[in-house]
Protein chains: 2
Amino acid sequence: MVNRFPVTPRTTITDVALLAGVSKATVSKYLSATDYYVSEKTREKIESAIKELNYYPNALAQGLSSRRSYAIGVVVASITNPFYPELVAGVEEVIDPAGYTLLLGTSAENSDKEADVVRTMIQRRVDGAIVASATMRDGSVQKLVNAGINVIVASRELARPLVDTVVIDNRLGGRMAAEHLRGHGFGRAVFLSGPLDVLAFRQRFEGFRSVYREADSAVHLARTSELAEATEAAFGLLRDLPRPSAVFAANDTLALGLMTAAHTLGLRIPEDIALIGFDDIWVGRIPGVSLTTVDSRARQVGAVAAGMLAERIGRHPGESRNARKPPERHVLAPQLIVRGSCGCS
Amino acid sequence: MVNRFPVTPRTTITDVALLAGVSKATVSKYLSATDYYVSEKTREKIESAIKELNYYPNALAQGLSSRRSYAIGVVVASITNPFYPELVAGVEEVIDPAGYTLLLGTSAENSDKEADVVRTMIQRRVDGAIVASATMRDGSVQKLVNAGINVIVASRELARPLVDTVVIDNRLGGRMAAEHLRGHGFGRAVFLSGPLDVLAFRQRFEGFRSVYREADSAVHLARTSELAEATEAAFGLLRDLPRPSAVFAANDTLALGLMTAAHTLGLRIPEDIALIGFDDIWVGRIPGVSLTTVDSRARQVGAVAAGMLAERIGRHPGESRNARKPPERHVLAPQLIVRGSCGCS
DNA sequence: CTGAAAGCGCTTACAG
DNA sequence: CTGAAAGCGCTTACAG
């Protein structure tokens, strides 16, 4: 077979071995650093050969051979929803120093894309995956697990405890928001939410309802929690009579939608409507927004998830069935962030 | 050699070939779809074997063998700066249907991380890279190119036209903002900027200065364009006497910093200070923010960059020297988005 | 349309 | 501490 590829050949481990006057095996051992010892003299020879040849080991070959890709997949619903970049930053923070590369997958609303992402992660043989997309079905997570991938579910939960999970206490968060509103003297409040089949929303609602019970509480739903949809839903809510004087939004984007709709209708916040959101995306800190909210600690959730994943991978390198250790559940505490939109200041 | 890895073996192309009663080569041809023809009968046999065995081709092996990883690297400065997710979304939009996987790299401020990202992209043998980090040095881009990777620089420029570039016309954008401010009757305005060694900032400034000339114009610098630093710098600016009544910020985060500082000092926007930003991050649409700004079209920039990259890769599969076609330059037009902060409404 | 065989660039027991 | 050789799971000319 001659000249299969008419391209500039890259330098390989063989070139390095030749120049250093040692075997490929020895170069490989030098590269892996930890596991094997290499004498000082050969180490030096190898190092200078690598430098001279400007050699970069081929990660595909390494992965194929060692059955370890040093890649981890992160799947989020949408990268433009500011909650997710924050979580991804948390993941990166810990994954990065550990030498892993991040494959980003977006599941969108779309179930085709969801299937694509799952397939991609499996085919690329990621060492682990962090699934942080609220819209991803449990079956998709199951597929990853079946394929032998270590997976951690972050900022959401599965119906059955299939894998490690890291979440905040959403019920508590909902309760905190509701109690704060009640503390302002509001006898009635409305919960503005995305679809209630998203567990986090449902739990926040439960927390809310533990304070505003029965007839006193009401829910108003948006189809999704995109700003446009949220605004649309908020218009509906604000035209309902009697108009609520206090609203707890299931996340900050929904809260911003409410702000937008209120503004258009000439209603002021907090004077006409007191508002609390959920997540604490950075936008809320801007003076003109000044959103009181519950911090869902996206960054920490990401970091903790990455830490748990790294531990799993360490325990089961290559393909595992997640078998040894039973699924763990890490619960972080939410935190009320008081700013202007609730009427405190 | 017996039992090298005590792990559940995954199903391989050999298993599929065996079950389907054909050779690995034929299965491979079926998998590649486009290039080869496979008879209807064998196609069916292969398909059912794949389904029965739940087979997923190993992308590492495919990449090693074909010298095509179907991965593209995207490097941004910071994923939590809302400008970048928007650009990444644009990239994804076109990369995704084309079957590429996105490797995300963050260069941060840190030049160690920058080197890591470059190394990672090279070792993983990405088919191409999109560099959108304003803080990444030209030398790093050069390294990628030297390693035979197709690279597109997005939303920034290199000193020398080394690779394809997609940018907006920053000078024009700066001019549009300045002219709008001048149209409001402001005889003097200040340019609030990040470091002027970032070309985009410098060009925006040039556009600004083409309207507010010489003594009339002034610059005020922030160390970075993080919100906290921006706010800090804005305090300085607002305490300068005479206090400017119009500010053009080099990007929206800087503008938000100015809003924050102004609010703290009891200054109103636009009554006391008219403000225009740059980028049009979605936050500006929120009523309480209502930021007049210049749309830098992050999403389109990302999409166009991805398109150019796909074309390069198609032309030079595997390792190329980006040689054949000279570097291209794609310039998009910025667009003024008028909202409340400039005093228009 | 299909298959045999070499090769992609590494790693890893095993033997020394 | 070092090396020979097999193997990781694919793809691709080449021949039929």
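All chains are named by letter (A, B, ...) in the order of the sequence lines, taking the proteins before the strands, and each is independently numbered beginning at 1. Computed from heavy atoms alone, side chains included, the values below leave out hydrogens, waters and symmetry copies. Since the model is a prediction, treat every value here as computed from it, not as a measurement.
Between the CG atom of L60(B) and the C1' atom of dC8(D) there is a distance of 10 Å, given to the nearest Å. One atom, CG of L31(A), and another, P of dT2(D), lie 15 Å apart when rounded to the nearest Å. Atom OH in Y70(A) sits about 13 Å away from atom C1' in dT11(C), given to the nearest Å. Look at CG on L18(A): it is 17 Å from P on dT2(D), rounded to the nearest Å. Rounding to whole angstrom units, NZ of residue K24(A) and C1' of dT12(C) are separated by 12 Å. Atom CZ of R125(A) is separated from atom C1' of dC10(D) by 11 Å (rounded to the nearest Å). Between the NZ atom of K29(B) and the C1' atom of dC1(C) there is a distance of 9 Å, given to the nearest Å. Rounded to an integer number of Å, the gap from NZ of K41(B) to C1' of dT2(C) is 14 Å.
Nearest nucleotide to the side chain of S66(B), out of dT11(D), dG3(D), dA4(C): dT11(D). Closest contact between the side chain of N58(A) and the listed nucleotides dG3(D), dG9(C), dG9(D) involves dG9(C). Distances from the side chain of S65(B) to the nucleotides dT11(D), dA13(D), dT12(C) place dT11(D) closest. Of all nucleotides listed (dT2(D), dC10(C), dA5(D)), dA5(D) comes nearest to the side chain of A25(A). Closest contact between the side chain of Q62(A) and the listed nucleotides dC10(D), dT11(C), dT2(C) involves dT11(C). Across dT2(C), dG9(D), dC10(D), the shortest atom-to-atom separation from the side chain of L64(B) is found for dG9(D). The side chain of A61(A) has dC10(C) as its nearest neighbour among dT11(C), dC10(C), dC1(C).
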Inset, instruction - Could you check Y70(A) against Q62(A) for side-chain hydrogen bond (donor to acceptor under 3.5 Å, both in side chains), going step by step and ending with a plain yes or no? - result: CA-CA 10 Å; Y70(A) 274 100; Q62(A) 290 180 310; over 6 Å; no

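The phosphate of dT11(C) (OP1 or OP2) has no side-chain N or O of S32(A) nearer than 4.0 angstrom. Contact between the side-chain N/O atoms of T12(B) and the OP1/OP2 oxygens of dG9(D) is not found at any separation under 4.0 Å. For T26(B) and dG3(C), the shortest distance from a side-chain N or O to OP1 or OP2 is below 4.0 Å. Using a 4.0 Å cut-off, no side-chain N or O of Y30(B) falls inside it from OP1 or OP2 of dC10(D). Between R67(A) and dG9(D) there is a side-chain N or O to OP1 or OP2 distance below 4.0 Å.
In this structure, the side chains of L60(B) and S69(A) come closer than 4.5 Å at one or more pairs of heavy atoms.
Taking a cutoff of 4.0 Å between a charged side-chain nitrogen and a carboxylate oxygen, E92(B) and K113(A) qualify as a salt bridge. Using a cutoff of 4.0 Å between basic side-chain nitrogens and carboxylate oxygens, R329(B) and D164(B) are not scored as salt-bridged. Look at R119(B) and D116(B) and you find a salt bridge, because one of the NZ, NE, NH1 or NH2 atoms lies within 4.0 Å of a carboxylate O, short of that distance.
With both pairing distances under 3.5 Å, dG16(D) is matched to dC1(C) as a Watson-Crick or G-U wobble pair.
Taking atom C1' in both dG16(C) and dT12(C), the straight-line distance is 16 Å, to the nearest Å.
Other residues, nucleotides and ligands place no more than 12 heavy atoms under 6.0 Å from the NZ atom of K143(A).
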